Protein chains: 2
Amino acid sequence: MTGFKTGELIAQPGTEILAEGASASQLFTALHGMGLRYKLLQDGSRQVVGFILPGDFIGLQNGVMGEMKHSVEATTRMTLCVFNRSELWDLFRNQPQRAFGLTHIAASEEFVLGEMLAAVGRMEGLTKVAWLLNRFFTRLTALGLNENDRVPLPYRQQDIADAMGLSLVHTNKTLAKLRRAGIVTWADDGLTVHRPDQLAEHAVSVGKEIPSRPLI
Amino acid sequence: MTGFKTGELIAQPGTEILAEGASASQLFTALHGMGLRYKLLQDGSRQVVGFILPGDFIGLQNGVMGEMKHSVEATTRMTLCVFNRSELWDLFRNQPQRAFGLTHIAASEEFVLGEMLAAVGRMEGLTKVAWLLNRFFTRLTALGLNENDRVPLPYRQQDIADAMGLSLVHTNKTLAKLRRAGIVTWADDGLTVHRPDQLAEHAVSVGKEIPSRPLI
DNA sequence: CGTAAAGTTGATACTTATCAAACTTTGTGG
DNA sequence: CCACAAAGTTTGATAAGTATCAACTTTACG
C-alpha cells in the first residue's frame with residue numbers, strides 16, 4: 001500500500017474535493033477532518049448522500065466508473081491521503097486481497113445508502129433526525145472521538161436537512177424538540193448526548209403511537 | 001466465467017431469494033423475470049431499495065460482506081444463474097478484470113441508490129412517480145424489451161409506493177393523474193408511455209444515465 | 001360463486017414546506 | 001474596539017403535500 005500512496009493533501013473548509021461528473025485522476029482517504037457527499041438536483045435542491053468521517057474512502061466511483069456520481073466537499077479542514085487512479089489496475093492485478101477490500105468498501109457504501117434510503121423514505125421527521133444523530137454518535141464514538149458523551153459534529157443544520165429530506169426550518173424545530181426533551185445538545189460543532197437510550201429509542205422507527213386505550 | 005457458474009435456479013413469483021441477514025453461500029444473476037430488493041423497518045413498513053431486471057447481479061453484499069443487507073424477492077417467475085460464493089476469492093486472485101467488474105457493479109449499485117435517495121428525499125409525489133416510471137421505461141427499453149412504446153412492468157402500486165416513500169393511496173392518485181394527462185398507461189403488467197417527452201419533463205433529472213461498464 | 005388480492009375514490013387529519021422576520025454568532029476592516 | 005456584513009439559527013403564521021381511514025370496484029382463481 002505504501003507504493004500506492006502518492007502524497008497528502010490539505011483541503012480547506014468549504015472546498016470542493018471532487019465534483020460530480022468529474023473524472024479526476026486521484027482517489028483519497030480522509031485522515032483528519034470531516035466532509036460530505038452530495039448531489040445537486042435540476043431544481044437546485046441538494047441531497048446529501050453521505051458524511052465523510054476520518055478513515056473514509058473518497059472517489060471510489062471515480063476510480064472504478066471513471067466519473068464521480070456525486071460531489072464531495074470538505075466541511076472542516078481535511079487532511080487527505082492521495083492515491084493515483086492509474087495504480088488501481090495494478091492493485092487489481094497484483095493485490096487481490098486489497099482489490100477485495102475495495103469491493104468491500106463499495107458494498108459497504110451501498111449498504112449505508114440503503115439504510116439512509118429507508119430512513120428518508122419511511123421515517124417521520126423526529127425519527128429521521130434522531131436516527132442520524134444517533135448514527136453520528138455511534139460512528140464517532142467507535143472512532144474514539146467521544147469525550148464525555150460529546151462527539152465533534154461540525155455540520156450545519158442545513159446539512160442534516162438535506163440529508164434526511166427535510167426543510168431547514170422543520171429540521172431546526174425538530175432539533176429544538178430533542179434539545180428541550182433533554183436528550184441531546186448540539187452546539188459549537190459538538191454533539192452531546194445526555195440520554196443515549198432515549199435517543200436510540202427515538203431513532204428506531206417507532207411509527208405511530210398506539211392510541212391509548214381508555215381505562216374503564 | 002464458465003467454471004464459476006454453478007447452475008440455474010427457477011424462482012416462483014413471491015419467493016424470497018435472499019433474506020436480509022442471511023449469509024447464503026450463493027450469488028445470482030437474473031436471466032429472466034423481475035424482482036425487487038427491500039428492507040423491513042422495525043415498525044413494519046417496507047422500503048424498496050431496488051428493482052431487479054434481467055441481467056442484474058444479486059447477492060454481492062452477501063458475497064463480499066458475508067451477509068445480506070436487504071431481502072430479495074422474485075416478483076415474476078425468475079430464472080437465476082447461480083454462482084458459488086466460495087469461488088469469489090479465486091476470481092479475485094485469477095481474474096482481475098472480472099474482479100474489477102464486480103467492483104464496478106457494486107459502485108453502480110451505490111450510484112443507483114444515490115439517485116433514488118435524491119429522488120425520495122427531494123422530489124414531490126408526482127415527480128417521484130414520473131421519475132421512477134421514466135427510469136423503468138429507459139432501462140427496459142435499453143434491454144430491448146420495448147415493443148410499441150410498451151415495456152413490461154409486473155410490479156404493484158405498493159411496490160412503487162414503498163420505493164418512493166409514498167403511501168399506497170397517494171401513489172394511486174398520482175398514477176391516475178399521469179394517466180388522465182394521457183402521458184402513461186400502466187395496466188396488465190405493462191407500461192405504455194404515450195408522451196415520453198412529457199414523462200421526462202415531469203421526472204426532473206437527478207443525474208445522468210447508468211454508465212456502461214468500461215473496457216479495461 | 002365465494003374469496004382474496006389489487007386498484008380506486010372521497011373525506012379528513014396530520015406532517016412538513018414555505019414565507020417572513022428577528023435574532024445570534026463570527027469574521028473583517030476602519 | 002466598534003461597526004458592519006455574512007452566515008447560521010430560531011420562531012410564528014400559513015399553505016401545501018401526504019397519510020390515514022373506510023368503503024367500494026375490479027380481477028383472478030379454486
Side-chain angles (χ1 to χ4, degrees), chain A residues 12-14 36 41 43-48 73 75-77 119-130 132-133 153-180 184-191 202 205-211, chain B residues 12-14 36 41 43-48 73 75-77 119-131 133 153-180 184-191 202 204:
Chain A
Q12 296 303 326
L36 49 79
L41 277 71
D43 67 353
S45 59
R46 185 181 73 150
Q47 174 68 47
V48 170
E73 177 182 301
T75 299
T76 67
R77 185 172 182 277
V120 172
R122 282 296 177 225
M123 290 177 177
E124 68 170 26
L126 182 64
T127 311
K128 285 181 182 180
V129 174
L132 184 55
L133 293 185
L153 198 66
Y155 300 102
R156 291 164 297 153
Q157 296 187 353
Q158 184 72 65
D159 297 329
I160 272 64
D162 287 346
M164 303 313 290
L166 297 172
S167 72
L168 170 60
V169 173
H170 194 64
T171 302
N172 177 283
K173 290 173 181 173
T174 304
L175 284 168
K177 234 181 247 181
L178 288 173
R179 188 191 322 129
R180 278 195 291 266
V184 303
T185 305
W186 180 20
D188 300 322
D189 294 344
L191 174 73
H202 280 290
S205 177
V206 273
K208 277 295 183 191
E209 284 200 40
I210 303 171
Chain B
Q12 295 303 326
L36 49 79
L41 277 72
D43 68 351
S45 60
R46 184 181 73 150
Q47 175 67 48
V48 169
E73 178 182 299
T75 299
T76 66
R77 184 172 182 276
V120 171
R122 281 298 178 224
M123 291 177 175
E124 68 170 26
L126 181 64
T127 311
K128 286 182 181 179
V129 174
W131 177 83
L133 293 185
L153 197 66
Y155 300 103
R156 292 164 296 152
Q157 296 188 351
Q158 184 72 65
D159 298 327
I160 273 64
D162 287 345
M164 304 313 289
L166 297 172
S167 72
L168 171 61
V169 173
H170 194 62
T171 302
N172 178 285
K173 290 174 180 172
T174 304
L175 284 168
K177 233 180 247 183
L178 288 173
R179 187 192 323 128
R180 278 196 291 267
V184 302
T185 304
W186 180 20
D188 300 321
D189 294 344
L191 174 72
H202 277 101
V204 179

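As a basis for the values below, the full set of heavy atoms in this structure was taken, side chains included, without hydrogen atoms, waters or symmetry mates. The structure displayed is predicted, hence computed values, not measured ones. To find a chain, count down the sequence lines: A is the first, B the second, and so on, and within it residues start at 1.
Between Trp186(A) and Leu153(A), the shortest heavy-atom distance links the atoms NE1-O, 3.1 Å. Pairing each heavy atom of Trp131(B) with each of Met123(B), the nearest pair is CD1-CE, 3.8 Å.
Remark: Arg122(B) does not engage Asp43(A) in a salt bridge, criterion side-chain N to carboxylate O under 4.0 Å. Salt bridge annotation for Asp159(B)-Arg46(B): present, with a cationic side-chain nitrogen under 4.0 angstrom from a carboxylate oxygen.
When the C1' atom of dA19(D) is taken as reference, atom CG of Asp43(B) falls 13 Å away, rounded to whole Å. Atom CE in Met123(A) sits about 17 Å away from atom C1' in dA19(D), given to the nearest Å. Between the NZ atom of Lys177(A) and the P atom of dT10(D) there is a distance of 15 Å, given to the nearest Å. dA11(C) atom C1' lies 16 Å from atom NE2 of His170(B), rounded to whole Å. Nucleotide dA17(C) holds its C1' atom 12 Å from the NZ atom of Lys128(A), rounded to whole Å.
Under the 3.5 Å distance criterion, the side-chain polar atoms of Gln47(A) are left unmatched by any main-chain donor or acceptor of Gly165(A).
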Atom pairs, N/O to N/O, protein against nucleotides 26-30 of chain D, distance under 3.5 Å?
none

Sub-3.5 Å pairs of nitrogen or oxygen atoms, protein against nucleotides 3-9 of chain C:
residue, atom, partner, partner atom, Å
dA6(C), OP1, Arg156(B), NH1, 2.8
dG7(C), OP2, Gln157(B), N, 3.3
dT8(C), OP1, Arg179(B), NH2, 3.3
dT8(C), OP2, Gln157(B), NE2, 2.5
dT8(C), OP2, Asn172(B), ND2, 3.1

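At the heavy-atom level, Gly14(A) lies nowhere under 4.0 Å from the strands shown.
Checking each of Gln158(A), Gln157(A), Lys177(A) against Asn172(A) for a side chain to side chain contact (heavy atoms under 4.5 Å, CB included) leaves exactly one that passes, namely Gln157(A).
Within a 6.0 Å sphere centred on CG of Asp188(A), other residues, nucleotides and ligands contribute 12 heavy atoms or fewer.
Here the side chains of Leu178(A) and Val129(A) are in contact, with some heavy-atom distance below 4.5 Å.
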